[in-house]
J.: 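There's a structure below that I have some questions on.
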Amino acid sequence: MSIYDGLNERQLEGVYQTEGPVLLLAGAGSGKTRVLTHRIVYLIEEKNVDPWSIMAITFTNKAAGEMRERVDQLVGYGSESIWVSTFHSTCVRILRRYIDRLGYDNNFTIYDTDDSKSVMKEICKKLQIDTKMLKERAILSAISSAKNENISATEFALQTVGDYQKQRISRAYMEYQEALRKNNALDFDDLLVKTVELFKTCPEVLQAYQKRFRYIMVDEYQDTNSVQFELIRLLADAHHNLCVVGDDDQSIYKFRGANIRNILDFEKVYPEAKVIKLEQNYRSTQNILDAANAVIANNRGRKEKKLWTTQGGGSLIHLRQFDTAYEEAEYIADDIAHKKKEQVLDYKDCAVLYRTNAQSRLLEERFVVEGIPYQLVGGVNFYARKEIKDLLAYLKTIDNGKDDLAVKRIINIPKRGIGATTIQKVQDYADAHEMSFYDALCIADRIDSIGRSAVKLTPFVTMIQVFRTKVKEYGISGLLRDILDTTGYIQTLEASDEEDAKDRIGNIDELLSKLVAYEEAHEEATLSGFLEEVALVADIDGVSEDDNKVLLMTLHSAKGLEFDYVYLAGMEEGLFPSYMTITSDDESEVEEERRLAYVGITRAKKDLTLTCAKQRMIRGETQYNDISRFVREIPVELLDNRPLGRKRYDSDFSILSDSGMSAFSFVERYQSMQAEKERSVPSGLSVNANRYDSDSFRSLQYHNRDTVFDLKKPKSRSGDTRLKDLYGISSGSSGVKSNFSGVSGLSKGAQIGSSSLNYVVGDRVKHMKYGEGTVLKLEKEPKDYKVTVSFDGAGTKIMYAGFAKLQKI
DNA sequence: CGTACTAGTCTTTTT
DNA sequence: GACTAGTACG
C-alpha cells in the first residue's frame, strides 16, 4: 500500500509530472494541497531530490506550516530544510542576506500600512499637497499599484507627462522611497520589488538561488501579482521546474494587485507547460457544488471547470431572511447553539463568513450573550493596536536607530515633556546635517536651537543605549520586561482612567508571551527576527484547529479553509456584492465579487446557510437591501424554503412560510410592493426642509436606531396629504428657503440650515456614493425628512435628507 | 506642553 | 457608529 494510492488519476499526474512547467488548475476542494505535499514527498523519496533544493510558496504562514507538517508526516525527515513560506517571508529572508548590495542595511525594518501613512503625511506637508484634494491613502494606493507592476519611482515619473495629478503622486512616490531608504525601512510591496531588483542588479545572487532551487511550487497562483510572477520567473529560469497551482475562479485579490492573467496566460509564457485540471471535489455535497457551479457560471472569461463529487446530494441550502441584522445574528447563534445541544456539530465545525469586518460586531455580541465560544479572525490586527505599536516602536528603536518613525513615536511615551516643537528642532538639525533623527538626539546638548529642552532628551538616549547593551544579557523577552519596568508603561496605563486599560494590559501580556514563545522556538532569537515575524503575520495565522471555537471571519480570510457548517451572513445587494462594485463602471468588479461568493459557498462541506437582513445599519445609516444576486443565481430547487422546526422562526418572512413560497416569489412580491408604493405617492410635491447642525443630527441618528421601519406597512403615509399641511411647514417652489419651528429637545437647538429639499417623489437624484436613483418616498420625521430612493445600482435605501445630500438631476 | 473637545472621514476585501 | 486628526484652551 503506497501513500499515493488515495489519489485519483489526475492528481497522480500532478504528482508525477515533476519536470518542466506545470499548471495545475485545481477547483475548490479538489485536493490540491494533497497533490502538492505528495509531489514534494515524491521528489524526495522517489527522485532523490535534496529537500534543500525544493521551494514552495504558499499564501499564508499557516498554510506553509501545515504543508511542512504534512510532508513531515509522510517523509519523516528533511522537511525542515524545504523552503516553504509566503512570498513576503521568502523575500525578507533573501533581503536580510543581500540587501546591503542595494544600499540598505541588512537589519532594515518593515513598515506596515500605518507607518507608511505617517511617512506619507509628512511628505504631503513637505510637498504642500492638499490632502483634502489628494488623500494620503490615494497616493499610497497609487504607489502600491505601481509597485505591484514593478514600476519604480523613476519609471513612474516618465509616465506622468501632461497629467498634473499624476505628477504630484510621482513627486510623492520619489520622496516616499527616499524617506524609506533614509529610515532603512521597506514597505510590504518593497519586499517583493527590492528582491526582484536585487536579482536583476546582482546576477551572481540570482544564480546562487537558481542553482539551489531546482523545484519550485506556487500555491494560490491566481492571486499573484506581476512582481511576484517576475520573481518566480527569475528563480525558475535555470531549471524550468515550476509547478503553479491555482483556480482562476478563486481569484479574489485584484484590489491588491493580483493579476488574473498570470494564471490565464501561463501557457503563453510557458508553451511547453503541462496543464492538469482537477475537477473532482472531495469536500462538499453535490447540492453545495451545484450551487457554486451555478453562481460562478455567470462569470465570463474563465477557464471552464465543473466540480463534481461522488458524494450524494446532501441537505438543501438554507436561506433565511430577517427583518434586521440583529435577528440575523441571533438566528445564526441560536442555530449553532441548538445544533451543538443536539450534538449535531461541534463549535469548531462552524464558520460564519461575511463580506466586511464591520459585520462581525453584531455576531460577536450575540455569541457572547449565548455563551458560544468563538474566535474572531481579522479586524484590527493585534500588532496594530496602540499599546503594542508603542512597545514595538521601542524594540525597533533599539534594533535599528535609523527608523525615525519608531523613535518619534516613543520619544514622548510615556510623557517626558518633549513636545512637537522640540521634535521639529531636532528634525531640522538632522535634515541640515544629513543624519538620522536618533543620531541628532544623541548630540542634542550640542544643538543650540534646542536649548534647555536638551535636558529632557539626554535621559531618553541614555535609556535606549542601556537597553542596547543589556539586550545581550537577558534576551528579548527580558528586554521587553525591562522596557515596561523602566518606562512605567503599565503603571501609566493603570493610572489613566481609560476604560480599556485592562484590555490593553492584557494585550501587553500577550505580547510578552509571544516573545517568550519566539525565544523558545528559535535558538538564535534576535530582535530583528521577532520584529520581522511580527510584521508578516496574517490574521489567519493565529487560528488553530485545536480550539473548539466557531470562527468568524471575512470571506477573504476564509480562502483555503473548509468547515462542515458554513454560514454566509449578509447576502444582500449593496453589501455583497458591495455597492462599490455595483456602481463601478468596470463590470469585472462584480465578477470578482462573484468569485468571492464562489469561494464562500465552496468552504462548506456538509451544510450551508445563507442569511440576509431587510434592514441593516451601516456606518450609522440604515440601509434596506434586496437579497443578493448571488443567492438568486442559485437554482431554487437547491434551496430550502421550509420553516425550521422551531416556532419562533415561522414568522420569518415569506420564504419561510408554509405556502412553499420560494425566495424568488418573495423577491417578486417585494418588487411589486415597491412599485405599488411608488404609485401611491403623489407627485408634484415640492418641499423645503431644513438642515440641522451636527448636534441635532446626532440625536436623529440615535432616534433612528430605535425606529423600526417597515417597507410593507409604512408608518406614516406621505400619501394624500401635503406635507406642509400635515406638519405645518412651509413649502413652495424649490429653492425657497424656509424656517421651521417646533423642534425641541435639542441642546443647541436646531439651527436653520441653508439647504433645502429641491426634489420631489419621482425625481431623479444623485447620491455621492450610491450614484443615481429615483425618489420613491418622502416622509416627515420629527427632525428631518426620511427619503426613500431606489438607486439604479445600489438598491433601495432609506436615508435622512439632511444627511444624504441628494442632488436633483 | 498637555488636555479635551470637535469635525471629518470612513472600509470592501489584506500580505 | 467608530475612529482619527486637528484645534482651542488651560
Side-chain angles (χ1 to χ4, degrees), chain A residues 57-64 85-92 110-114 117-118 121 131-132 135-137 141 144 147-148 186-192 220 223-225 227-228 251-258 353-359 361-362 377-381 383-384 386 412 414-423 453 456 496-497 535-541 553-559 570 574-584 589 592-593 595-596 599-600 616-622 693-695 697-698 700-702 704-705 748 768-769 803:
Chain A
I57 298 200
T58 57
F59 202 66
T60 61
N61 296 303
K62 184 172 184 272
S85 61
T86 65
F87 269 106
H88 293 266
S89 306
T90 301
C91 290
V92 171
I110 301 166
Y111 275 1
D112 65 19
T113 338
D114 279 350
K117 207 176 163 198
S118 309
K121 221 170 163 186
T131 50
K132 288 214 172 67
K135 300 206 172 52
E136 293 102 339
R137 282 185 64 122
S141 96
S144 177
K147 287 181 177 178
N148 286 327
L186 301 184
D187 67 17
F188 283 133
D189 302 316
D190 279 340
L191 296 174
L192 303 159
E220 306 284 10
D223 284 320
T224 53
N225 62 34
V227 205
Q228 288 168 336
S251 168
I252 54 171
Y253 280 103
K254 190 173 162 215
F255 70 92
R256 71 172 199 214
L353 312 180
Y354 37 79
R355 180 67 239 271
T356 68
N357 279 306
Q359 288 168 254
R361 219 194 82 232
L362 292 181
V377 179
V380 184
N381 190 306
Y383 294 103
K386 189 175 159 290
N412 199 31
K415 304 269 181 314
R416 298 185 179 89
I418 303 166
T421 351
T422 314
I423 291 173
S453 303
K456 294 171 184 164
S496 78
D497 47 359
L536 298 177
V537 288
D539 295 315
I540 199 72
D541 294 340
M553 67 186 124
T554 61
L555 288 150
H556 281 89
S557 297
K559 192 168 81 157
L575 185 63
F576 185 34
S578 77
Y579 66 81
M580 290 280 216
T581 58
I582 298 176
T583 53
S584 163
E589 299 218 351
E592 174 131 333
E593 297 271 305
R595 291 194 288 269
L596 199 51
V599 167
R616 182 182 300 274
M617 176 98 98
I618 294 172
R619 269 170 296 140
E621 196 175 27
T622 306
D693 64 16
S694 55
D695 248 27
F697 213 13
R698 217 138 267 163
L700 273 181
Q701 292 183 338
Y702 190 73
N704 188 0
R705 267 177 76 191
K748 285 195 177 172
M768 268 165 58
K769 283 183 301 194
F803 200 58

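Order of the sequence lines fixes the chain letters, A, B, ..., with proteins taken first and strands second; residue numbering starts at 1 for each chain. This one's a predicted model, so the numbers in the text were calculated from it and none came from an experiment.
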J.: How long is the line joining CZ of A:Arg616 and P of C:dG1, in whole Å?
T.: 17 Å
J.: What protein N or O atoms touch nucleotides 12-15 of chain B N or O atoms at under 3.5 angstrom, if any, and at what distances?
T.:
from	atom 1	to	atom 2	distance (Å)
B:dT12	OP2	A:Arg619	NH2	3.2
B:dT12	O2	A:Arg355	NH1	2.2
B:dT12	O2	A:Arg355	NH2	2.3
B:dT12	O2	A:Glu593	OE2	3.4
B:dT13	OP1	A:Asn357	N	3.2
B:dT13	OP1	A:Asn357	ND2	3.1
B:dT13	O4'	A:Arg355	NH2	3.2
B:dT13	O2	A:Arg355	NH2	2.5
B:dT13	O2	A:His556	NE2	3.3
B:dT14	OP1	A:Thr554	OG1	3.1
B:dT14	OP1	A:Ser557	OG	3.3
B:dT14	OP2	A:Asn357	ND2	3.4
B:dT15	O4'	A:Arg256	NH1	3.4
B:dT15	O2	A:His88	NE2	3.0

J.: Under 4.0 Å between any heavy atoms, over every strand shown, what does A:Thr422 touch: base, sugar-phosphate, or nothing? Just pick one.
T.: sugar-phosphate
J.: Is the shortest side-chain N/O distance from A:Asn412 to OP1 or OP2 of B:dC1 below 4.0 Å?
T.: no
J.: Holding to salt bridge (charged side-chain N to carboxylate O under 4.0 Å, His left out), I want the full list of residues that pass it with A:Glu592, two or more places apart in sequence or in another chain.
T.: A:Arg595
J.: With sequence neighbours left out, write down each residue that passes salt bridge (charged side-chain N to carboxylate O under 4.0 Å, His left out) with A:Asp189, or none if nothing qualifies.
T.: none
J.: Return the value, rounded to whole Å, for the distance between atom NZ of A:Lys456 and atom C1' of B:dG2.
T.: 11 Å
J.: Which residues satisfy the salt bridge (charged side-chain N to carboxylate O under 4.0 Å, His left out) test with A:Lys62, sequence neighbours excluded?
T.: A:Glu66, A:Glu545
J.: Taking atom OH of A:Tyr354 and atom CD of A:Gln359, what is their separation to the nearest 0.5 Å?
T.: 8.0 Å
J.: With A:Asp539, which residues qualify under salt bridge (charged side-chain N to carboxylate O under 4.0 Å, His left out), at least two apart?
T.: none
J.: Output one line per pair: protein atom, nucleotide atom from nucleotides 4-6 of chain C, and distance, for all N/O pairs under 3.5 Å.
T.:
none

J.: Going by side chain to side chain contact (heavy atoms under 4.5 Å, CB included), name the residues that satisfy it together with A:Ser118, two or more places apart in sequence or in a different chain.
T.: A:Leu405
J.: Taking ring pair (Phe, Tyr, Trp, His ring centres under 6.0 Å) as the test, write out the residues that go with A:Phe87, two or more places apart.
T.: none
J.: Got a sec, which residues hit ring pair (Phe, Tyr, Trp, His ring centres under 6.0 Å) with A:His556, two or more places apart in sequence or on another chain?
T.: A:Tyr253, A:Phe255
